[in-house]
Peer 1: 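Please find one structure pasted underneath; my questions will follow.
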Amino acid sequence: HHIILFIVEREQHSFITEQFRKTSLPTTQLKKMTSTDVIPSTLEVNYDTNITKLYEAITNSDWDLAIATAKSSPQEAQTWVVRHYDDAKVAEREGTNIMWRFLPIHSACARQPPASVLSALLKAYPDGAKCQDDQGMYPLHYACGNQGSREIIRLLLVGFPQAAKMADPRGMLPLHYVSCWGPSTPSIIDMVMVAHRKASSIQDEDGNTPLDLALEGDYELKDEVVMALKRWVKTSSTKDSSESTTATTTSTLDPVAIQDEKSEKDPLTTTTTTTTTSSSATETAAAIHANTMESPRTVSRLRHEVTKLKAEKRDLELSSKRDLDRAVSVLQKECTELTEKLESANTEIDQCHDKILDYQTAAKTQEAALQKQTLELESTLEKLNQLTKDHQTLENEYAALQGQFQEKSVKTVEAADMYDTLNTTLTTMMETQQTLLHNFQDRQERLVSGAELRRAKLQSLLDFEHQFLQIYGPQNEGESPQGDGGEGEQPTTKTTGLQHDLQQQFKEMELLQQQVKNHME
């Protein structure tokens with residue numbers, strides 16, 4: 001298959017193949033590529049630096065903005081958008097620094113736009129349909145290669161019908177493009193063929209006719225396109241044969257009007273070739289009958305030719321009838337399909353109607369539920385107002401409690417400081433008490449040891465005294481023992497009193513510590 005140049009400006013590289021680029025025409029030859037009665041616009045912008053608002057809207061398929069911009073700024077419709085190669089080596093290899101050069105109408109036709117967009121572009125710049133891009137392609141080529149709608153093709157043919165006869169640098173007509181890539185509707189084949197009746201037999205540089213490309217194509221309407229092209233090819237060959245026979249006949253007869261030239265001059269006429277050929281055969285027969293008296297030999301030859309033309313006429317009529325029957329069959333099939341679709345649509349409409357009734361019932365139910373929810377919401381709002389008042393009261397109480405808490409916190413801090421001080425003092429006192437107790441225990445041990453020693457000595461003295469009394473008799477009886485006994489009891493009494501005082505002091509300190517802890521809690 002041939003390579004069609006599709007406009008994809010927003011990509012970072014060009015989709016133009018090396019083979020296709022070799023056939024590109026330089027910008028300096030642009031005037032030669034356009035119609036002889038059109039001087040192309042000289043307005044030009046760089047795609048990468050200052051792209052026009054109209055062209056950007058088209059590349060984004062924002063058709064509403066494109067229409068509005070074409071109306072408000074019609075000069076942008078005739079402004080060429082050019083993209084250059086960034087690499088100088090590539091530009092040198094290609095022989096030009098231009099990657100591509102398009103008008104907004106070229107880009108739009110490659111994107112299957114609505115007919116309103118093309119109408120706005122043609123209204124802003126009517127000569128846009130007559131301009132070729134840097135590849136030598138008209139907007140009609142892009143529309144045919146990208147399955148443009150019937151209305152798009154019609155607008156382009158009305159704007160510049162000669163485009164149907166213009167080939168690109170590879171010899172491809174718009175009919176080649178639509179045959180290769182497929183139309184949006186089969187009737188487009190007839191529209192393009194009416195504009196250029198010989199297009200079905202023209203070959204591109206590879207020797208392919210539109211029918212050859214259609215047979216190799218892979219798209220949904222391939223069979224319809226092939227059938228339409230075959231019909232035009234057959235009609236064209238029959239017409240050529242008829243015209244050749246008529247030319248031979250008229251060489252020996254008076255000039256006779258063979259065909260109405262008006263149908264050839266008007267590319268959009270709907271007159272069929274079959275009718276023209278039949279009319280030519282009839283007129284030729286009349287001319288032959290008017291001149292039958294000239295020569296018996298000529299009359300015999302002309303009668304043979306008339307018989308042949310009548311046979312061809314019958315064949316054409318049968319062929320036309322078969323084509324008509326096939327067309328009627330196709331139309332009947334389409335009518336049947338449309339009827340089925342209509343019935344299906346009616347069924348869907350009934351289902352939608354039932355759904356609407358269900359939705360209405362559900363809406364009423366939801367409305368009742370909404371009213372109930374509204375009442376509940378009003379009640380909830382009243383409760384919320386009451387809760388708001390209670391909340392305000394609680395906030396006031398909380399503020400008061402917070403003030404009290406701050407006062408308590410201050411007192412707590414003071415009590416904590418006092419507790420730390422008392423704890424330090426108490427710790428110091430306890431350490432002192434421990435030292436005193438240790439010293440007291442040491443002293444008590446010494447006193448007890450001394451008391452034991454003195455008791456032992458006193459006992460020894462008592463024993464000695466008793467022996468003495470036994471030997472020498474009693475003197476001052478009971479005086480010394482009592483005196484000694486009083487002296488012996490004095491350390492024990494003092495020790496017991498000191499120990500009692502220390503224990504009493506320990507109890508007071510423990511009580512004080514317990515009170516401090518309770519105060520902190």
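We count residues from 1, following the sequence as given. All values reported here derive from a predicted model rather than from experimental measurement.
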Peer 1: With salt bridge (charged side-chain N to carboxylate O under 4.0 Å, His left out) as the test, would you mind laying out the steps for K130 and D127 before giving the verdict?
Peer 2: CA-CA 5 Å; K130 304 177 183 180; D127 288 339; 3.7 Å; yes
Peer 1: Within a radius of less than 6.0 Å around OH of Y219, do more than 12 heavy atoms belonging to other residues, nucleotides or ligands occur?
Peer 2: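 Yes, enclosed.
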Peer 1: Just how far is it from atom CG of L173 to atom CE of M166, taken to the nearest 0.5 Å?
Peer 2: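 The CE atom of M166 is 10.5 Å from CG of L173, to the nearest 0.5 Å.
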Peer 1: Does R150 pair with D190 as a salt bridge, N-O distance under 4.0 Å?
Peer 2: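 Judged by the 4.0 Å cut-off on N to carboxylate O distance, R150 and D190 do not form a salt bridge.
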Peer 1: Please report, to 0.1 Å, the donor-acceptor pairs under 3.5 Å made by any side chain of residues 380-395, with sequence neighbours excluded.
Peer 2:
unit_1: T380; atom_1: OG1; unit_2: E376; atom_2: O; d: 2.6
unit_1: N385; atom_1: ND2; unit_2: L381; atom_2: O; d: 3.2
unit_1: Q386; atom_1: NE2; unit_2: D390; atom_2: OD1; d: 3.4
unit_1: T388; atom_1: OG1; unit_2: L384; atom_2: O; d: 2.6
unit_1: H391; atom_1: NE2; unit_2: E395; atom_2: OE2; d: 2.6
unit_1: T393; atom_1: OG1; unit_2: K389; atom_2: O; d: 3.1

Peer 1: Would you say NZ of K222 has more than 12 non-hydrogen atoms from neighbouring residues, nucleotides or ligands within 6.0 angstrom?
Peer 2: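 Enclosed.
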Peer 1: Do side-chain atoms of H141 reach the backbone of A164 as a donor and acceptor pair under 3.5 angstrom?
Peer 2: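 Side chain of H141 to backbone of A164: no pair is present.
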Peer 1: Is the ring pair Y138/F160 parallel, tilted or perpendicular, if the boundaries are 30 and 60 degrees?
Peer 2: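 Aromatic pair Y138/F160 classed tilted.
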Peer 1: Do R170 and D168 meet the salt-bridge criterion of a basic N to acidic O distance under 4.0 Å?
Peer 2: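 A salt bridge links D168 with R170.
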Peer 1: For E92 and K89, what are the C-alpha separation, side-chain angles and deciding distance, and is it a salt bridge (charged side-chain N to carboxylate O under 4.0 Å, His left out)?
Peer 2: CA-CA 5 Å; E92 183 178 358; K89 293 182 179 179; over 6 Å; no
Peer 1: Going by atom type alone, with no hydrogens or angles, which donor-acceptor pairs under 3.5 Å involve a side-chain atom of residues 338-348 and a protein atom two or more places apart or on another chain?
Peer 2:
unit_1: T339; atom_1: OG1; unit_2: C335; atom_2: O; d: 2.7
unit_1: N346; atom_1: ND2; unit_2: L342; atom_2: O; d: 3.2
unit_1: T347; atom_1: OG1; unit_2: E343; atom_2: O; d: 2.9

Peer 1: Show the atom names and distances, to 0.1 Å, of all donor-acceptor pairs under 3.5 Å that link a side chain in residues 352-374 to residues at least two apart or in another chain.
Peer 2:
unit_1: T361; atom_1: OG1; unit_2: L357; atom_2: O; d: 3.0
unit_1: T365; atom_1: OG1; unit_2: T361; atom_2: O; d: 3.0
unit_1: T374; atom_1: OG1; unit_2: L370; atom_2: O; d: 2.7

Peer 1: For W63 and S116, what are the C-alpha separation, side-chain angles and deciding distance, and is it a side chain to side chain contact (heavy atoms under 4.5 Å, CB included)?
Peer 2: CA-CA 9 Å; W63 306 125; S116 56; over 6 Å; no
Peer 1: Is any side-chain N of the basic residue among K53 and E56 closer than 4.0 Å to the acidic one's carboxylate O?
Peer 2: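 E56 and K53: not salt-bridged.
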Peer 1: Kindly indicate whether the side chain of D48, heavy atoms from C-beta on, has any atom under 4.5 Å from the side chain of R83.
Peer 2: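 Of all side-chain heavy-atom pairs linking R83 with D48, at least one is under 4.5 Å.
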Peer 1: Distance from W80 atom CH2 to L43 atom CG, nearest 0.5 Å?
Peer 2: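 One gets 11.0 Å once the value is rounded to the nearest 0.5 Å.
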Peer 1: Surrounding CD of Q112 (heavy atoms of other residues, nucleotides or ligands, distance under 6.0 Å), is the total greater than 12?
Peer 2: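 Count over threshold, so yes.
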